[in-house]
Amino acid sequence: MEKIQFNLKDYIKFVTEEIDNNIYRPVRGNSYLEVLKALHEYLKPNTYLEIGVAGGGSLALADAERIIGVDPAPNLAENERYKIYPKTSDLFFEEDAPQLFAQQKIDLAFIDGMHLFEFALRDFINIERYSHKEGYIAIHDILPRTFSEASRGRMTVNWTGDVWRLIITLRKYRPDLNIIVLDSAPTGLAVVTNLNPDSNFLRENFEDIFKEIMEVKTMSFLEARDLVMHTFSTQLYLMNLVMKDMS
Ligand SMILES: C[S@@+](CC[C@H](N)C(=O)[O-])C[C@H]1O[C@@H](n2cnc3c(N)ncnc32)[C@H](O)[C@@H]1O
C-alpha cells in the first residue's frame with residue numbers, strides 16, 4: 001500500500017489557503033504609486049524621505065530637492081538625484097537623522113520598510129519628530145487582503161504584515177492627527193497630516209501601546225477591516241488633490 005507522507009509545509013499552505021478563501025478582501029482603488037505621484041506634484045516637497053526603497057519603483061516618482069532613501073538591502077545604485085542610506089531605519093534615525101534634518105525638516109515621507117507593527121510605529125514616531133507640522137506621511141500596506149498576507153511571519157509575495165495595527169494605534173492615541181485610509185491597490189495607503197513634531201505620547205508609552213494593540217486578533221480585524229478602517233476612495237482623493245493644485 002502506498003504510504004501517504006505528511007508534509008508540514010504543504011499542510012500549512014493548504015490550511016492558509018482555505019482560511020484565506022473565506023475572507024479574501026480585495027483593494028480595488030487606483031495604485032498607491034498614483035497617489036504618491038500626485039502628492040509629489042501637489043506638495044512639491046523640498047525634502048522627501050522614503051523608508052524601504054527596494055528597486056526604487058516609488059523613489060523614482062520623487063522630484064524633490066533632497067531625496068533620501070533608507071533600506072538595509074537597497075536594489076538600486078545611488079546617483080546624483082538620490083542619497084541612499086544602506087541600513088535599517090532604526091539605525092538611520094539614530095545615526096544620521098538628527099544632523100540631516102536639523103535645518104531642513106521632512107515635507108513628505110513614505111513608510112514602506114519592515115512590515116511589522118513595532119517597526120512601522122517606530123518609523124512613524126521618528127519621522128513625525130523630524131517633520132514640518134504641515135508635512136505629510138504616507139503609510140503603505142495597511143489593508144491586508146488575506147490572513148496570510150497579514151501574518152507577522154512572511155508567507156506571501158505581497159506582504160502587508162501587521163502594519164494595519166499602526167492605523168488602529170494612531171486613531172486611538174493620536175486623535176489630533178488627520179488620517180485618510182485610501183483603498184489604493186494593491187494593499188492600501190494611509191495619508192497622515194496635521195503632524196505634531198513635539199508630541200511624545202507614542203514614544204513614551206511605546207511598550208504599553210505595543211502590548212495592548214497586539215491583543216487585537218488578525219482574523220477579527222480582517223473580518224471587520226473596512227468598517228474599522230473607514231476606507232476612502234483613492235479616485236476621489238486624487239480628484240481633490242488635482243482640484244486643490246489648480247486653485
Ligand atoms: C516593499 S519593499 C519597498 C518597495 C518600494 N517602496 C516601492 O514601492 O517600490 C520593502 C523594503 O523594505 C526594506 N526593509 C526591510 N527592513 C527594513 C528596515 N528595518 N528599515 C528600512 N527598510 C527595511 C526591504 O529591504 C525592502 O527593500
Donor-acceptor pairs are to be reported for all side-chain atoms of residues 52-62 against protein atoms at under 3.5 Å, with residues two or more places apart or in another chain.
residue: Ser58; atom: OG; partner: Glu50; partner atom: OE1; Å: 3.2
residue: Ser58; atom: OG; partner: Glu50; partner atom: OE2; Å: 2.7

Sequence neighbours left out, cut at 3.5 Å: what donor-acceptor pairs do the side chains of residues 84-91 make with other protein atoms?
residue: Lys87; atom: NZ; partner: Glu95; partner atom: OE1; Å: 2.7
residue: Lys87; atom: NZ; partner: Asp96; partner atom: OD2; Å: 2.8
residue: Thr88; atom: OG1; partner: Leu91; partner atom: N; Å: 3.2
residue: Ser89; atom: OG; partner: Asp123; partner atom: OD1; Å: 2.7
residue: Asp90; atom: OD1; partner: Arg122; partner atom: NE; Å: 2.9
residue: Asp90; atom: OD2; partner: Arg122; partner atom: NE; Å: 3.1
residue: Asp90; atom: OD2; partner: Arg122; partner atom: NH2; Å: 2.8

Distance-only donor-acceptor hits, side chain of residues 35-45, under 3.5 Å, sequence neighbours excluded:
residue: Lys37; atom: NZ; partner: Glu41; partner atom: OE2; Å: 3.3
residue: Lys44; atom: NZ; partner: Glu41; partner atom: O; Å: 2.7

When the side chains of residues 159-168 are checked against the rest of the protein, which donor-acceptor pairs come out under 3.5 Å, sequence neighbours left out?
residue: Trp159; atom: NE1; partner: Ser151; partner atom: O; Å: 2.8
residue: Thr160; atom: OG1; partner: Glu149; partner atom: O; Å: 3.0
residue: Asp162; atom: OD1; partner: Phe117; partner atom: N; Å: 2.8
residue: Asp162; atom: OD1; partner: Arg152; partner atom: NH1; Å: 3.4
residue: Asp162; atom: OD2; partner: Arg152; partner atom: NH1; Å: 2.9
residue: Asp162; atom: OD2; partner: Arg165; partner atom: NE; Å: 2.8
residue: Arg165; atom: NH1; partner: Ile213; partner atom: O; Å: 2.9
residue: Arg165; atom: NH1; partner: Val216; partner atom: O; Å: 2.7

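For the side-chain hydrogen bond (donor to acceptor under 3.5 Å, both in side chains) test, no residue two or more places apart in sequence or in another chain qualifies with Thr231. With sequence neighbours left out, the salt bridge (Lys or Arg N to Asp or Glu O under 4.0 Å) criterion links Glu212 to Lys172. Qualifying side-chain hydrogen bond (donor to acceptor under 3.5 Å, both in side chains) partners for Thr193, counting only residues two or more places apart in sequence or in other chains: Asn178. For Arg225, the side-chain hydrogen bond (donor to acceptor under 3.5 Å, both in side chains) criterion is met by no residue, not counting sequence neighbours. When the side-chain hydrogen bond (donor to acceptor under 3.5 Å, both in side chains) test is applied to Asp176, the partners found at least two apart in sequence or on another chain are Arg174.
Sorted by first and then second residue, the ring pair (Phe, Tyr, Trp, His ring centres under 6.0 Å) pairs involving residues 169-205 (not counting sequence neighbours) are Tyr173-Phe201. Identified under the side chain to side chain donor-acceptor pair (under 3.5 Å) test for residues 202-211, with sequence neighbours left out: none. Screening residues 5-14 for salt bridge (charged side-chain N to carboxylate O under 4.0 Å, His left out) gives Lys13-Glu17 as the qualifying pairs, with residues at least two apart or on separate chains.
Summarising the geometry of Ser31 relative to Ser184, their closest heavy-atom pair is C-CB, 4.2 Å, with the distance given to 0.1 Å.
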